[in-house]
Amino acid sequence: MNMIVCIKQVMDPETPPASFKIDPQTNKVIPPPGIAPVPDPYSEYALEAALRLKAENSGKITAISLGNDLLRDVVKKSLAMGADELILLEDEAFAGGDSCSTAIALAAAIKKIGEYDIVFCGRQAADWGASQVGSGIAELLGLPCLTLAQKVEATDGKAKVEVVTDDGYEVVETTLPAVITVSNELGEVRYPNIKGILKAKKKEPIIWKPADIGLEASEVGAAGRCTKLVKLFQPVREGEAEIISGDTPEEAAVNLALKLREIKLI
Amino acid sequence: MAESSGVMAYAEASKDKLTTTTRELLGIGRNLANELGEPLCAVLAGDGVSSLADEAISLGADRVYVIDDPLLKEYLSDSFTPVMERLAAEVSPRIILLGQTDAGRDLAPRLAFRLKTAATLDCVDLTIDAASKRLQATRPVYGGNALATFTTETDPQIVTIRVKAFSAATADASRKGEVIKAEAGLEPAAVRTKVLDRIVEEVEGLKLEDAAVVVSGGRGIGGAEGFKQLEELAHLLKGALGASRPPCDNGWVSELLQIGITGKIIAPDLYLAVALSGSSQHLSGCSGSKNIVAINKDPEANIFQAATYGVVGDWKKVVPALTEKIRELTSG
């Protein structure tokens, strides 16, 4: 079973809200000082799904990350967790893309890799969260796509996938090859072990530029966008809460109940 | 392709009625269509959906395209994408609106790539730019830390709307409209996926999305036992129980109770947030609440930024006393 996992490098989503700042001139997020980027947590669920399948069926996992200024410590975590190969679509031209130009580049790279049964992506990324790259890759490669998987089994050219729904889940069967996007309901993601970390240290990623995947610089990254970002801004939160106090926590609780009664909420 | 015109809303039904999200779609769809001076049409695609066309008209649609086909009994992107592709080519709408639902969030990007245009998902604000007549679509990004407004230059401009972010259309039975039957034109062989089973997980009590009062707990609750106390308070207030992500990830409560960007989006009259820090990703799911009341022992917790009222204190002391007092106040 050959699997490809798309893994994005993102600003740490655990960044405290107070450190989250926007530069209104450039419509960009200012990288929070002292907080390093991380592999997108949703991408890691995608990798975990692939690793679980590999444990059952054997096979090969190729991780792909796209961007500019990809930190080796961040992107190599996929190798440390158990991916066999790492391909970086790394070039200035890949920067500033949207789901459209990102899917175009990833689909071209996947085509070049050639042999694959399943392409895994996260359900969305923790930064822009557009939630479209997986579906886009499927459309561009003419593959079926199942979104929001919480469990994946694969046998004999087919996959049986549990897909999260609003009130439970569906069990959906798909022919392979297919694209599957993975949700956090998959469950815990493994930590790299020492052996994996050492292996990752020694392994160098393969780097592809736009020309390597048969694309012009104008088709990828910011130049290839289908959407234009008009404005990026922070929501206005309505000031401070009115703190209901009391001499003891119990008394404060009683005062809160009385307040809720007074304003007819209870 | 003919020049695009009009707004198309992808309607969804549940138990022989249009869903609340569909009423919200028709509400914003009508506003956008009026602003453009162009018609609003609704699409009803499914098995046995013909009877809902009148309801869509009463809610503001000028035209309803009905695609009634047994092959569309359940949603699959492989079957619904070509159906919508065909209809979009025939009608050439300027805008296609869908709900951020199980079907909508899957279909919108598929359709956008198929039609070589772009989609913007989970929008909380939609306006027409007066000069360009283009749609400006605003959605939360960075886990709710920021909002971003996007435009696209290609038609149709496809967007999904966040549930409960727009006002629902009110029905007017005297409204007139046209019903047009369209063919699905589906090749069964083109559908490569198949639903084998559908599991509905029953959540006890009131549905979270419909509750006027929600009592919700976070990481600080510490375990399943603590949620029993919150559930008791929720019962007392005739409300529903919710949670932020950590309790769901830890298995203290069902995943279905998760409120936030990857969970449920709610807008109750009273949201009681207990021992949860108020991450942006969580607030994004409950910021539509009319009143947020926070109970947290950390006075610096982010939840106090979003709350109307707060109590700084240990929930283990506050919640029992609050429950007792509320019982006393509401029993008489």
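Letters A, B, ... are given to chains in the order of the sequence lines, protein chains preceding strands, and every chain is numbered from 1. The analysis underlying the following values was restricted to heavy atoms, covering all of them including side chains, and did not include hydrogens, waters or symmetry mates.
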Top of A/Thr15, A/Val133, A/Leu143, A/Leu140 for chain B proximity - count of heavy-atom pairs under 4.5 angstrom: A/Leu143
Among B/Thr138, B/Asp106, B/Thr262, residue most engaged with chain A (heavy-atom pairs, under 4.5 Å): B/Thr262
Side chain / backbone / both / neither for A/Lys160 at chain B, heavy atoms under 4.5 Å: side chain
Verdict with supporting geometry, B/Arg105 and A/Ser131, side-chain contact (heavy atoms from CB on, under 4.5 Å): CA-CA 8 Å; B/Arg105 61 171 165 66; A/Ser131 329; over 6 Å; no
Least distance between heavy atoms, B/Ala118 atom then A/Thr227 atom: CB-CG2, 3.6 Å
Most chain B-contacting option - heavy-atom pairs closer than 4.5 Å, from A/Thr147, A/Asp166, A/Thr174: A/Asp166
Nearest atoms (heavy-atom pairs only) where B/Ala148 meets A/Leu229: CB-CD1, 3.6 Å
Best-contacting candidate, A/Gly136, A/Pro13, A/Ala138, A/Pro16, against chain B by heavy atom pairs under 4.5 angstrom: A/Gly136
Heavy-atom side-chain contact between B/Phe113 and A/Ile137 under 4.5 Å: no
Candidate list A/Ile22, A/Val10, A/Val29, test side-chain contact (heavy atoms from CB on, under 4.5 Å), partner B/Tyr142, passing option: A/Val29
Chain A interface, residue from B/Arg192, B/Lys325, B/Lys297, B/Arg114 that has the most non-hydrogen pairs under 4.5 Å: B/Arg192
Heavy-atom side-chain proximity of A/Val164 to B/Glu255 below 4.5 angstrom: no
Sole candidate of B/Val213, B/Leu237, B/Leu236 that passes side-chain contact (heavy atoms from CB on, under 4.5 Å) when paired with A/Ile266: B/Leu237
Heavy-atom side-chain proximity of A/Leu265 to B/Lys290 below 4.5 angstrom: no
Proximal component of B/Ser277, with respect to chain A [non-hydrogen, under 4.5 Å]: neither
Return a table of donor-acceptor pairs under 3.5 angstrom between the side chains of residues 193-202 of chain B and protein atoms on other chains or two or more places apart.
| residue | atom | partner | partner atom | Å |
| --- | --- | --- | --- | --- |
| B/Arg198 | NH1 | A/Glu170 | OE2 | 3.1 |
| B/Arg198 | NH2 | A/Asp167 | OD1 | 3.2 |

Engaged part of A/Leu258 at the chain B interface, taking heavy atoms whose separation is under 4.5 Å: both
Residues in residues 179-189 of chain A near chain B [non-hydrogen atoms, under 4.5 Å]: A/Asn184, A/Glu185
Minimum heavy-atom distance A/Gln132-B/Ala119, with the two atoms named: NE2-O, 2.7 Å
A/Lys231 side chain near B/Leu147 side chain, heavy-atom distance below 4.5 Å: no
Among A/Gly246, A/Ala125, A/Pro249, A/Ala18, residue most engaged with chain B (heavy-atom pairs, under 4.5 Å): A/Pro249
Parallel, tilted or perpendicular: ring planes of A/Trp128 versus B/Phe150, cut at 30 and 60 degrees: perpendicular
Among the listed options A/Leu148, A/Asp98, A/Val161, the residue most often paired with chain B at heavy-atom distances under 4.5 Å: A/Leu148
B/Thr152 side chain to A/Cys226 backbone, donor-acceptor under 3.5 Å: yes
Smallest separation among heavy atoms of B/Ala146 and A/Phe20, with atom names: CB-CE2, 3.7 Å
Contact leader toward chain B among A/Ala178, A/Ala159, A/Ala257, A/Ala252, where contacts are heavy-atom pairs under 4.5 Å: A/Ala257
Stepwise side-chain contact (heavy atoms from CB on, under 4.5 Å) test for B/Thr81 and A/Glu139: CA-CA 10 Å; B/Thr81 309; A/Glu139 274 298 313; 4.1 Å; yes
Over all atoms of both residues, closest heavy-atom pair of B/Gly144 and A/Pro235: O-CG, 3.9 Å
Exercise: identify the closest heavy-atom pair between B/Gln136 and A/Val230: NE2-CG1, 4.2 Å
